[in-house]
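Okay, structure first, notes after.
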Amino acid sequence: QVQLVESGGGLVQPGGSLRLSCAASGSIFSIDAMGWYRQAPGKQRELVATISSGGITNYADSVKGRFTISRDNAKNTVYLQMNSLKPEDTAVYYCNARVRPRGVGPIYFPFWGQGTQVTVSS
């Protein structure tokens, strides 16, 4: 089994910062891309940022220049540094990873974390 556990969400004022972490654990052979998605009330889940195993990053236009995604491959952990937060960033943030489990052939499966709430409000 593979588990993704997020941490770091909370309440922050507009203009503030938060850092999210997501650690993957379990029967992992390797991890390909990792990323963050978010879902606001009444809206569909949307991509925030992704990072490949080699460190290539991709961001949604709405967060470019404010958010930074990074990863520590030795710890199977992905981070999201969020600066200059806006009320419209309020959402549940989900971690995603494409994982090749141990004992399985060269096939990667998507796994999701349970989500962490980020609320930006004064």
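Smallest separation of non-hydrogen atoms from S17 and Q81: CB-NE2, 4.0 Å. Smallest separation of non-hydrogen atoms from S122 and P14: N-CD, 3.7 Å. Across C22 and L4, no two heavy atoms sit closer than the pair SG-CB, 3.9 Å. Considering every non-hydrogen atom in both A91 and A40, the closest pair reads CB-N, 3.8 Å. Counting all heavy atoms, side chain and backbone alike, S70 lies closest to I51 at CA-CD1, 3.9 Å. Smallest separation of non-hydrogen atoms from N96 and P110: ND2-CB, 4.1 Å.
Taken together through direct or relayed side-chain contacts under 4.5 Å among Ile, Leu, Val, Met, Phe, Trp and Tyr, Y59 and I56 form parts of separate hydrophobic clusters.
Side-chain contact between L85 and F67 is present, with at least one heavy-atom pair separated by less than 4.5 Å. Contact of the P101 side chain with the I28 side chain is not registered, since no non-hydrogen atoms from C-beta on lie closer than 4.5 Å. V78 has its side chain within reach of W36: a pair of non-hydrogen atoms, C-beta onward, lies under 4.5 Å apart. Put simply, the side chain of V104 reaches to within 4.5 Å of the side chain of F109, judged on heavy atoms. Side-chain contact check for E6 versus Y94: some heavy-atom pair is nearer than 4.5 Å.
To the nearest 0.5 Å, atoms CZ (R71) and OG (S21) are separated by 14.0 Å. Here the CG atom belonging to N76 is positioned 8.5 Å from the OG atom belonging to S25, to the nearest 0.5 angstrom. Here M34 contributes atom CE and S53 contributes atom OG; the two are 11.0 Å apart, rounded to the nearest 0.5 Å.
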| Steps toward side-chain contact (heavy atoms from CB on, under 4.5 Å) verdict (S30, Y108) | CA-CA 9 Å; S30 63; Y108 287 83; 2.8 Å; yes
| query | Passes side chain to side chain donor-acceptor pair (under 3.5 Å), R38 versus Y93? Steps please. | reply | CA-CA 4 Å; R38 67 187 181 187; Y93 283 70; 2.9 Å; yes
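Salt bridge K64/D61: present, at least one basic N to carboxylate O contact under 4.0 Å.
Ring-centre distance between Y37 and W112: below the 6.0 Å cut-off.
Around atom CD of Q44, no more than 12 heavy atoms belonging to other residues, nucleotides or ligands sit under 6.0 Å away.
Between the side chain of T90 and the main chain of V120, a donor-acceptor pair closer than 3.5 Å is present. Not one N or O on the side chain of R100 forms a donor-acceptor pair closer than 3.5 Å with the backbone of D32. At least one donor-acceptor pair closer than 3.5 Å links the side chain of T77 to the backbone N or O of K75. Put simply, the side chain of Q39 never gets that close to the backbone of V92: no donor and acceptor are under 3.5 Å apart.
Looking only at atom types and distance, the side chain of Y79 has no donor-acceptor partner in the side chain of T68 under 3.5 Å away.
For the pairing with M82, the side-chain contact (heavy atoms from CB on, under 4.5 Å) check across V118, D89, V12 returns one residue only, V118. The only member of V63, T116, L18, I69 that meets side-chain contact (heavy atoms from CB on, under 4.5 Å) when paired with L80 is I69.
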